[in-house]
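Working notes for the structure below.
None of the values given here were measured: they were computed from a predicted structure.
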Amino acid sequence: MKPNFIKISSFILAVLLVCSLLPVQSYAGYEIPGTCQVQTDTNAAGTAKTLDYSYDRNTYFSLRDIAMLLKDTGKSFSLEVAKNTITLTPGGAYTPVGFENTPWETYENPNLSLRRNELKVNGQTIYYYTLIAALPSGSYDCFMMAADLAMILDVNITVPAPGLLQIDTQSPFYISPASLEDADYFYGVNGVLAGDATTGEIYYQYQSDTPYPIASTSKLMTCLLAMEALSAGQLSPEQPVTVSEAAAMLSTSSDGVIPLEAGQQLTVHELLLGALLPSSNECALCLAEAIAGSEEAFVQMMNQKAAALGLSQAVFYNSNGLPSYTEDAIPSKRQNRMSAQDMFRLVSYLLKVYPQITEITSMKSTTLPSLNLEVKNTNPLLHNLPEATGLKTGTTNKSGACLITSLAADDGTLQHDLIVVVLGTEDSIERGRVSALLARYALQTFHNGGASDTPETGATPENLPTHAEAAVDWILRTARKHE
């Protein structure tokens, strides 16, 4: 890799994983209270309270303690913490409330809940998993992962020794996936890949050639075939589609997302919105039936398209990614599967031929007029990364939590689509954190000219078909970017 990409402390992994920082004292419990020493490059030093959530060294740090230590540095921030919201302003002056940089008064289990709380940073609303605790003074404190705070403040945080957190206010946040891999950070992840869909350059990959269940990220193939049907004139965006008995039954099951009744009508555009934003399984089924007449016929189209794109590890059993059972006396449980490399190929093709799909996947929420129903996007990075334009989440017990992220990046001439594929994390918290770190890495790599030791870049399908509508959309989107 380039020299500026390998200038990183071997200890940065410890803070990103927050798995090497031992609390001064810990007790078995759901939240394990402890302390660590924090030091800055300006020689400010003090104690910060910590909470290890569920597991030892799964550490969250007191924002008030860190705000106090950064008070007179170039990375100072003001902080207001309420019961459910946090307001953090980088560059602001911190106002102490008491109890900063002091040990816990008691090591009793504080019994807090880890939640995806709303943060307002410079007036923008973002969301991170945090623990909010009431202080004896009546105020509140917020506990956050060091890596998340490092991304918000754009600051370098390392662990030079056990029990010591070092904050370098002069260095920006940096991520090294290769170092993370060496520290077994991806051990609990099925496969990851980060690269540039526009050029086909792969920045980083881990277990990317092994197929795994992909859950609702399967809907990207469903939507690709829907876009092809629209392009061919087989469907139109405002064409009504009648909800079948099968789709209505699915909507009332435990896997239902949007309540539908047989005989109701939604437009093709609404079905795309439903499938891509709240990940409606019934909307995906409606699209499949509208395109192919039955889901069985549509699945054949999915597998044929996968073969045509060279997705050698891809197998589809249904349109939505739910577990699929055979009709045998002893049924087997199957799930759509794909490798991270195949997913990168699929998404590269989708964004090159139908870039307008991000007009949907970048929406945080919208309304389905036929149902008068507001639906929200399940992609967490849309709130935290301004460059994020989509694409799709997915979760089943077998697949784990998956997230396919697209990012818009401009090289001064052309807008590029960067892709981060994360398959099979333990839960949605880890899915968001792994994806956020790799998204930052992809953006850093792109703006530094790409990776110098890139693996083979044949991940983008050759001989892409020419669609005038898609080409015009691409040109207009790039032009709008430069206005």
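- In this structure, the side chains of Thr405 and Leu407 come closer than 4.5 Å at one or more pairs of heavy atoms.
- Side chain of Ser406 to backbone of Gly390: a donor-acceptor contact under 3.5 angstrom is found.
- Atoms OG and CG, from Ser279 and Asn379 in turn, are 11.0 Å apart once rounded to the nearest 0.5 Å.
- With rounding to the nearest 0.5 Å, the separation of OG1 in Thr267 from CD in Glu238 is 5.0 Å.
- Leu277 is listed as a side-chain neighbour of Thr366, based on a closest heavy-atom distance under 4.5 Å.
- Distance CG/Asn303 to CE/Met221: 8.0 Å, rounded to 0.5 Å.
- Within the model, atoms OH of Tyr206 and CG of Leu193 stand 13.5 Å from one another, a figure rounded to the nearest 0.5 Å.
- The main-chain N or O of Met338 is never found under 3.5 Å from a side-chain atom of Asp342 such that the two would form a donor-acceptor pair.
- Each of Leu119, Ile86, Leu149 was evaluated against Cys142; a single residue qualifies, Ile86, per the side chain to side chain contact (heavy atoms under 4.5 Å, CB included) test.
- Counting heavy atoms from C-beta outward, Ile132 and Asn84 have side chains that stay 4.5 Å or more apart.
- Contact annotation: the side chain of Thr130 never approaches that of Leu114 to less than 4.5 Å [non-hydrogen atoms, C-beta and beyond].
- Between the side chain of Asp328 and the backbone N or O of Ile330, no donor-acceptor pair lies under 3.5 Å.
- A donor-acceptor contact closer than 3.5 angstrom is absent between the side chains of Thr222 and Lys219.
- Remark: side-chain polar atoms of Gln124 are not paired, donor with acceptor, to backbone N or O of Val121 under 3.5 angstrom.
- Taking 4.5 Å as the limit, some side-chain heavy atom of Ile291 sits within range of a side-chain heavy atom of Leu235.
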Exercise. Show the numbers, then the answer: is there a side chain to side chain donor-acceptor pair (under 3.5 Å) between Gln264 and Thr242?
Key: CA-CA 6 Å; Gln264 279 185 317; Thr242 302; over 6 Å; no

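- Not counting sequence neighbours, the partners of Asp255 by the side-chain contact (heavy atoms from CB on, under 4.5 Å) test are Leu250, Ser253, Asn281, Leu322.
- When atom types are taken as modelled, the side chain of Tyr212 and the backbone of Gly400 share no donor-acceptor pair closer than 3.5 angstrom.
- In this structure, the side chain of Ser435 does not engage the main chain of Gly432 through any donor-acceptor pair within 3.5 Å.
- Glu295 and Ser319 form a side-chain donor-acceptor contact under 3.5 Å, judged by distance and modelled atom types alone.
- Looking at Asn58, its side chain does come within 3.5 Å of a backbone N or O of Tyr53 through a donor-acceptor pair.
- Tyr128 is listed as a side-chain neighbour of Met144, based on a closest heavy-atom distance under 4.5 Å.
- Note that CG of Leu285 and CE of Met249 are 11.0 Å apart. Values are rounded to the nearest 0.5 Å.
- Glu282 places a side-chain N or O within donor-acceptor distance of the main-chain N or O of Ile258, the cut-off being under 3.5 Å.
- A donor-acceptor distance shorter than 3.5 angstrom exists from the side chain of Lys352 to the backbone of Thr198, with no hydrogens or angles considered.
- Residues Tyr325 and Tyr317 place their aromatic rings such that the two centres sit no closer than 6.0 Å.
- Here the side chain of Ser113 pairs no donor or acceptor atom with the backbone of Arg115 at under 3.5 angstrom.
- Residue Leu381 holds its CG atom at 5.5 Å from CG of Leu403, rounded to the nearest 0.5 Å.
- Salt bridge status for Glu374 with Lys376: absent, with no side-chain N to carboxylate O gap under 4.0 Å.
- Taking the charged nitrogens against the carboxylate oxygens, Arg431 and Glu426 have no contact shorter than 4.0 Å, which rules out a salt bridge.
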